Amino acid sequence: MRSEPRWVSTLWRSLPLVVLAMISACATVPHTGRNQFNMVSDAQLNELALKVFDEIGSKEPASTDKRLGEIVKRVVDRVSKAAESLDGPAFKWDIRVIDKDIPNAFCLPGGKIVVYSGIVPYAKNEAGLAAVVAHEVAHAVARHGGERLSQKLALRGAITAGGEVLKGKDGKLDPKVQMALGALGMGATIGVVLPYSRLHELEADRIGQIYLAKAGYDPATAIDLWDRMSKIKKPPIPVWLSTHPADEERVEKLRESLPETQKYYDAATAKYGRGVPL
Ligand SMILES: [Zn+2]
């Protein structure tokens with residue numbers, strides 16, 4: 001009798017776990033209703049995010065701009081409350097403002113927000129900053145990081161024993177996974193560093209504009225922000241070659257969703273318009 005190839009028996013033995021992982025993997029994205037594949041638990045993701053957040057804190061120079069710090073805090077406060085009231089993410093919010101001249105900001109899984117001072121000229125005013133933060137928070141609430149990591153893990157065939165999926169034999173975090181998460185975090189609004197896919201970006205734009213309006217900021221600000229972003233010099237890549245949406249497409253979609261988001265703004269108890277200039 002011919003013996004079974006080793007990979008078949010391995011697969012067979014791990015099958016119940018794979019099936020379990022797939023079952024627990026299906027989630028729905030708020031406001032868009034899209035089904036997503038997510039096999040990394042929030043607890044695993046938050047643990048990794050915390051490490052990345054701490055590392056940024058120890059390696060990057062913290063901003064000493066008191067006024068900017070206060071504005072960022074106020075914006076995060078309002079946007080996070082809007083997200084919680086609509087979708088109720090169980091996040092432990094935290095903020096780091098970094099003194100570095102790059103137009104970037106991101107929200108790590110679990111609500112750890114990093115804002116670089118180089119975003120200021122593009123954000124231009126408080127509402128512009130809120131549009132950036134709301135977009136990043138939307139990525140986190142929609143679990144785009146986990147989804148992307150799941151895709152990477154699935155591609156690597158790393159669907160192994162249940163909860164240990166992210167840990168090596170010594171129980172330490174796999175450096176490759178750590179790197180992947182770093183990439184997730186840096187996957188930012190601006191598309192300069194490492195953009196998410198077109199689907200994720202457009203989804204975060206849409207959800208983010210809702211959070212922006214619910215937080216009491218004029219949702220039209222998101223359109224102006226992306227208009228300014230489109231003026232950042234980038235290599236000319238045809239839309240169909242890029243997985244990242246063209247700025248023109250984002251602006252157009254944000255314009256389309258303005259009537260819907262305007263309703264959230266009209267219903268907001270406190271309205272701040274565009275806030276203070278930065
Ligand atoms: Zn984004």
Side-chain angles (χ1 to χ4, degrees), residues 29-32 34 36 38 45 49 52-53 56 72 75-76 79-80 82-83 87 89 91 95-96 98 102-116 118-120 122-123 127-152 180-213 215 217 219 221-232 234 237 239 242-257 261:
V29 175
H31 307 284
T32 68
R34 180 176 64 86
Q36 64 180 180
N38 221 333
L45 218 49
V52 173
F53 191 64
I56 291 167
V72 172
V75 159
V76 169
V79 169
S80 60
D87 303 314
F91 285 175
I95 309 164
R96 287 192 199 288
I98 306 296
I102 51 170
N104 204 359
F106 49 87
C107 177
L108 291 163
K112 307 290 183 249
I113 294 169
V114 180
V115 174
Y116 288 85
I119 196 79
V120 166
Y122 298 96
L129 180 68
V132 171
V133 168
H135 170 96
E136 294 307 326
V137 166
H139 272 309
V141 175
R143 294 180 170 80
H144 288 161
E147 191 176 4
R148 199 152 93 157
L149 192 57
S150 300
Q151 286 162 355
K152 274 176 192 281
L181 195 87
L184 299 176
M186 308 301 161
T189 316
I190 309 315
V192 171
V193 185
L194 185 70
Y196 280 115
S197 71
R198 181 175 171 279
L199 175 75
H200 283 178
E201 287 309 325
L202 294 177
E203 210 165 71
D205 282 348
R206 179 159 174 215
I207 301 169
Q209 197 181 24
I210 292 173
Y211 292 168
L212 178 69
Y217 292 107
T221 319
I223 301 169
D224 303 337
L225 171 81
W226 283 106
D227 217 31
R228 284 194 293 278
M229 288 305 175
S230 68
K231 283 158 188 115
I232 299 180
K234 277 177 240 163
I237 304 167
V239 184
S242 170
T243 57
H244 196 239
D247 294 325
E248 294 74 23
E249 187 185 9
R250 312 182 79 146
V251 170
E252 198 187 302
K253 296 263 183 207
L254 285 164
R255 256 188 236 288
E256 278 171 23
S257 55
T261 49

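Only this structure's heavy atoms are used, side chains among them; waters, hydrogens and symmetry mates stay out. The model shown is predicted, which means the values in this text are computed figures rather than measured ones. Read the numbers this way: they start at 1 and go in the same order the structure lists the ligands and their atoms.
Metal site remark for the Zn ion (ligand 1): Glu136 contributes no N, O or S atom at a distance under 2.8 Å.
For Glu201, the N, O or S atom closest to the Zn ion (ligand 1) goes by the atom name OE1.
Counting non-hydrogen atoms of neighbouring residues, nucleotides and ligands closer than 6.0 angstrom, the CZ atom of Arg255 reaches no more than 12 such neighbours.
His139 and Glu203 share no donor-acceptor pair across their side chains, judged by distance under 3.5 Å alone.
For Glu248 and Lys253, the salt-bridge test fails: no basic side-chain N is under 4.0 Å from an acidic carboxylate O.
Considering the Zn ion (ligand 1) as centre, the angle to NE2 of His139 and to NE2 of His135 is 100° (10° rounding).
Ring geometry, Phe106 versus Tyr116: the interplanar angle falls from 30° to 60°, so the pair is classed tilted.
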